[in-house]
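The next block holds one structure in the form of structure tokens; read it before the comments.
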Amino acid sequence: MKRLRQVVEAARSSSCMWVAEAEARAAREADDDALACRETRRSRLAPMVRPALSSLTSTTLSDQAYASIRAAISNGELPRGAKVTERGLAEMLGVSPTPVREAIARLVQDRQIERVGLRTMRVAEFTDESLEEIDEIEVTLQALTARFAARKATSTDIERLTALLASAEADAELLLTQLGSQEQLDERAARRAFDGIRRFHDEIEVIAGNPVLARLLEQSRAFSPAERAEATRTLTRVSAVGIRERYGDHQALLDVIAAGDEDAAAEIALRHGERSHRDIRRVV
């Protein structure tokens with residue numbers, strides 16, 4: 001009897017092991033089937049995906065080259081009057097000359113680059129008259145941006161603007177104190193104040209939420225960030241009045257945007273832009 005029980009238990013154990021192995025084998029086969037199914041789906045999709053990606057490659061490089069060169073002109077990395085070549089720009093961007101050539105053709109049409117020889121070009125310089133016109137375009141677009149921001153701003157947007165302005169004003173107050181006591185100005189505080197106000201204006205553009213308007217603004221910058229920063233530092237050294245006016249404008253602009261007053265926002269932004277650009281032209 002004992003021997004019979006041992007045989008039965010052994011049979012049960014063997015049966016359990018066989019079932020476990022069968023289940024594991026089935027699971028592996030199911031995984032293999034699922035993997036094969038995914039690979040089949042990829043192979044079916046591949047012919048549809050590749051042509052679209054290939055057809056975009058050249059255009060994308062040209063657009064990227066255009067945007068990069070345009071940004072370099074706007075931020076002063078490529079200063080007005082600087083000579084440039086297709087090959088030189090291509091080397092800086094790490095691409096072949098072809099997309100750069102296409103980008104330059106667009107920039108010539110935009111009057112951002114002008115040809116001065118067969119292979120040589122330069123970043124276009126503005127006459128006083130054209131600079132004033134571009135200046136006027138920019139401040140008008142800034143006023144429209146402020147109008148849109150007043151229309152769309154949420155409580156969270158207002159909180160961000162308030163924090164940015166508070167940080168910049170703290171540095172501005174330090175500069176005013178140093179001016180009043182004839183101390184040497186803290187250049188780092190001046191830089192922080194400028195950067196804070198730049199972020200304040202950038203945030204207003206984000207709140208305005210209009211990509212067409214943002215693109216037009218980028219194309220109509222009359223002065224590079226470096227020129228604006230240098231003008232701000234120069235004016236700060238000689239005039240506490242200018243600091244109070246600028247930061248007073250920003251607080252007033254924030255107040256009317258928070259109140260949703262579109263007309264007042266546009267008016268304040270226009271007045272502030274005209275005064276700021278007039279000051280920059282005195283220095284640059």
Side-chain angles (χ1 to χ4, degrees), residues 63 66-67 70-71 73-76 80 106-107 109-112 124 126-166 168-169 193-229 231-232 235 242 245-282 284:
D63 287 343
Y66 171 83
R70 178 119 205 178
I73 294 172
S74 296
N75 66 25
R80 297 288 172 185
R106 293 169 61 185
L107 289 163
Q109 289 181 339
D110 293 346
R111 298 186 179 181
Q112 293 296 312
F126 295 140
T127 64
D128 290 342
E129 182 181 2
S130 62
L131 183 59
E132 288 180 5
E133 290 174 349
I134 294 171
D135 199 359
E136 186 175 353
I137 291 170
E138 182 181 356
V139 297
T140 302
L141 292 174
Q142 288 173 337
L144 187 57
T145 300
R147 177 182 294 278
F148 286 178
R151 183 182 303 171
K152 299 177 182 179
T154 66
S155 58
T156 302
D157 294 330
I158 299 304
E159 289 174 3
R160 282 199 298 270
L161 288 174
T162 301
L164 288 170
L165 192 56
E169 282 185 337
F194 172 80
D195 289 344
I197 290 302
R198 186 69 262 152
R199 289 195 297 272
F200 176 82
H201 284 291
D202 289 344
E203 186 63 26
I204 290 176
E205 292 178 21
V206 171
I207 295 168
N210 188 294
V212 174
L213 181 56
R215 187 162 56 251
L216 289 172
L217 259 174
E218 184 59 34
Q219 293 174 351
S220 62
R221 302 292 189 195
F223 305 101
S224 71
E227 290 172 327
R228 294 170 193 266
T232 300
L235 293 168
E245 286 182 343
R246 284 168 177 259
Y247 287 90
D249 284 348
H250 294 130
Q251 184 59 59
L253 181 57
L254 173 57
D255 291 342
V256 294
I257 288 176
D261 190 335
E262 298 179 27
D263 291 340
E267 182 181 347
I268 292 172
L270 183 64
R271 184 181 68 235
H272 172 72
E274 289 174 342
R275 178 163 51 226
S276 296
H277 285 217
R278 184 172 60 249
D279 290 343
I280 293 172
R281 284 199 300 270
R282 284 166 43 203
V284 173

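We're numbering straight along the sequence, starting at 1.
- The side chain to side chain donor-acceptor pair (under 3.5 Å) search around Glu203 returns Arg160, not counting sequence neighbours.
- Minimum heavy-atom separation, Val139 to Leu270: O-CD1, 3.9 Å.
- Exactly one of Thr140, Leu213, Val206, Ile207 qualifies for a side chain to side chain contact (heavy atoms under 4.5 Å, CB included) with Thr145. That residue is Leu213.
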Residue pair Arg106, Asp63: steps toward the salt bridge (Lys or Arg N to Asp or Glu O under 4.0 Å) verdict: CA-CA 10 Å; Arg106 293 169 61 185; Asp63 287 343; 2.9 Å; yes

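- Partners of Phe200 by ring pair (Phe, Tyr, Trp, His ring centres under 6.0 Å), not counting sequence neighbours, listed by chain and number: His250.
- Ala252 is linked by a side chain to side chain contact (heavy atoms under 4.5 Å, CB included) to Ile268, counting only residues two or more places apart in sequence or in another chain.
- Ile197 and Ala168 make their closest contact through CD1-CB, 3.9 Å (heavy atoms, listed as atom of the first residue, atom of the second, distance).
- Residues passing the side chain to side chain contact (heavy atoms under 4.5 Å, CB included) test with Ala150 are Ile257, Glu262, Ala265, sequence neighbours excluded.
- In terms of heavy-atom proximity, Gln112 sits nearest to Ile73 at OE1-CG2, 3.5 Å.
- With values rounded to the nearest 0.5 angstrom, Arg271 atom CZ is found 9.5 Å from Leu253 atom CG.
- For Gln251, the side chain to side chain contact (heavy atoms under 4.5 Å, CB included) partners are Leu165, Glu169, Leu254, Asp255, not counting sequence neighbours.
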Derivation and outcome, side chain to side chain contact (heavy atoms under 4.5 Å, CB included), residues Asp202 and Arg198: CA-CA 6 Å; Asp202 289 344; Arg198 186 69 262 152; 3.6 Å; yes

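- Separation of atoms OG (Ser276) and CD (Glu138) is listed at 10.0 Å; rounding is to 0.5 Å.
- The salt bridge (charged side-chain N to carboxylate O under 4.0 Å, His left out) check on Asp195 picks up Arg191, with sequence neighbours excluded.
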CA sep, side-chain torsions, deciding dist, call: Arg147, Gln142, side-chain hydrogen bond (donor to acceptor under 3.5 Å, both in side chains): CA-CA 9 Å; Arg147 177 182 294 278; Gln142 288 173 337; over 6 Å; no

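- Scanning both residues, Ala266 and Ala143, for their nearest heavy atoms gives O-CB, 3.4 Å.
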Chi angles and distances behind the side chain to side chain contact (heavy atoms under 4.5 Å, CB included) call for Arg275, Asp249: CA-CA 10 Å; Arg275 178 163 51 226; Asp249 284 348; 2.3 Å; yes

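- Between Ile158 and Ala153, the closest heavy-atom pair is CD1-CB, 3.9 Å.
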